[in-house]
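The chain is numbered in sequence order, starting from 1.
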Amino acid sequence: MEHGADVIEELTGDHRVMDGLFEQLDVLEAGCIERKLLLDALTIELVRHSVAEEMHLYPAVREHLENGDVPADNEIADHDHVEEMLKDLEGRGADDRDFDRLVRELRTEVTAHFQDEEGDLFPRVRDGVHPYVLESLGKKVREAKKTAPTRPHPHAPSAPPANKLLAPGLGLVDRIRDYVTGGGQYPYPTAKERK
């Protein structure tokens, strides 16, 4: 996302990137390794995005919106469910008999979450939070994504201050794992490049 984007522009841009990754998954042949590699890239994007929202957007929702605890808690519950789904998929290969079904379920859940945020929560945040704060949150979200975990950790804390303390450490461990295993390569290598 461009420098200076406010939090809503930043997060909406993330949504479009992830929509694009889901669309790329749709056109790949079932069972091919590229599907698993692309799911790994999607997982990284989803986890980084979710952690950044939990660290910065949802606390602002609680602070600035009337009855903000309700939508913040609902969004975090959605994240928890998606992380459980990602954890389940993490241990499966693209040739696993449940892989395609689970990816479709993940896409349904994630798409509904994006639509809820963009159709309800983001307009409320845009109306209820000063533009300066939105810009500041955009910067914080961009910074948080740089150190956020890249793998699902469904039992990690999702609320400040614990998530702000643990996320960078988990992110470091995940990035080392990605480096050692070659995980999260995106754009993913073609079959010819892997030979």
Side-chain angles (χ1 to χ4, degrees), residues 1-3 5-22 38-65 68-69 71-91 106-107 109-118 121-122 125 129 133-179 181 183-186:
M1 205 63 230
E2 66 189 53
H3 295 290
D6 74 23
V7 67
I8 295 169
E9 294 163 342
E10 182 73 25
L11 296 173
T12 301
D14 288 353
H15 292 177
R16 297 297 76 80
V17 167
M18 290 180 272
D19 286 341
L21 292 171
F22 275 119
L38 192 57
L39 179 67
D40 285 348
L42 177 62
T43 297
I44 289 168
E45 293 301 319
L46 278 166
V47 171
R48 290 172 57 234
H49 173 87
S50 296
V51 168
E53 284 186 331
E54 291 168 4
M55 289 174 73
H56 300 292
L57 176 65
Y58 302 147
V61 166
R62 292 180 195 284
E63 180 182 346
H64 296 281
L65 300 185
D69 287 343
D73 290 343
N74 289 340
E75 300 298 333
I76 290 171
D78 287 352
H79 286 191
D80 291 345
H81 183 66
V82 166
E83 281 217 50
E84 292 286 348
M85 296 172 85
L86 290 171
K87 192 67 176 172
D88 186 15
L89 277 161
E90 184 178 46
L106 175 68
R107 185 175 190 176
E109 186 76 21
V110 169
T111 299
H113 178 76
F114 290 172
Q115 289 172 343
D116 180 57
E117 282 187 334
E118 292 177 27
L121 184 63
F122 289 176
V125 169
V129 180
V133 174
L134 295 177
E135 289 178 25
S136 174
L137 288 170
K139 181 178 179 182
K140 289 177 181 178
V141 162
R142 281 188 293 283
E143 290 300 314
K145 289 190 293 186
K146 291 177 185 176
T147 60
T150 61
R151 299 290 163 201
H153 298 278
H155 303 293
S158 56
N163 68 344
K164 289 184 179 184
L165 295 171
L166 292 176
L170 289 172
L172 177 62
V173 170
D174 288 350
R175 281 176 175 68
I176 292 170
R177 177 180 155 202
D178 292 343
Y179 178 77
T181 65
Q185 294 180 28
Y186 182 76

Do the side-chain N and O atoms of Glu117 and His113 include a donor-acceptor pair separated by under 3.5 angstrom? yes
When you compare the side chains of His49 and Glu53, does any donor N or O come within less than 3.5 Å of an acceptor on the partner? yes
Below 4.5 Å, heavy atoms only, C-beta onward: do [X] and [Y] meet side chain to side chain?
X: Leu106; Y: Val82; answer: yes
X: Met85; Y: His81; answer: yes
X: Glu143; Y: Lys146; answer: yes

Considering all heavy atoms, the nearest [X]-[Y] contact:
X: Glu54; Y: Pro59; result: O-CD, 3.3 Å
X: Glu9; Y: Ala5; result: OE1-CA, 3.3 Å
X: Arg62; Y: Ile76; result: NH2-CD1, 3.6 Å
X: Val61; Y: Pro71; result: CG1-CG, 3.9 Å

When rounded to the nearest 0.5 angstrom, what distance separates [atom1] in [X] from [atom2] in [Y]?
X: Lys145; Y: Ile44; atom1: NZ; atom2: CD1; result: 13.5 Å
X: Leu86; Y: Asp40; atom1: CG; atom2: CG; result: 10.5 Å
X: Phe114; Y: Leu121; atom1: CZ; atom2: CG; result: 13.5 Å
X: Leu42; Y: Glu45; atom1: CG; atom2: CD; result: 8.0 Å
X: Ile8; Y: Leu137; atom1: CD1; atom2: CG; result: 9.5 Å
X: Leu134; Y: Leu57; atom1: CG; atom2: CG; result: 9.5 Å

Where do Val110 and Met18 land on the side-chain contact (heavy atoms from CB on, under 4.5 Å) test, with the steps shown first? CA-CA 9 Å; Val110 169; Met18 290 180 272; 5.6 Å; no
With sequence neighbours left out, the residues meeting ring-ring contact (aromatic ring centres under 6.0 Å, His included) with Phe122 are His15
Which is it for His64 and Val133 under the side-chain contact (heavy atoms from CB on, under 4.5 Å) test, yes or no, and what are the steps along the way? CA-CA 10 Å; His64 296 281; Val133 174; 4.1 Å; yes
Going by side chain to side chain donor-acceptor pair (under 3.5 Å), name the residues that satisfy it together with Asp116, two or more places apart in sequence or in a different chain. none
Could you list the residues that satisfy side chain to side chain donor-acceptor pair (under 3.5 Å) with Asn74, not counting sequence neighbours? none
Under a 4.0 Å threshold between the charged nitrogen and the carboxylate oxygen, would Glu90 count as salt-bridged to Lys87? yes
Short question: side chain of Arg142, backbone of Glu10 - any donor-acceptor pair under 3.5 Å? no
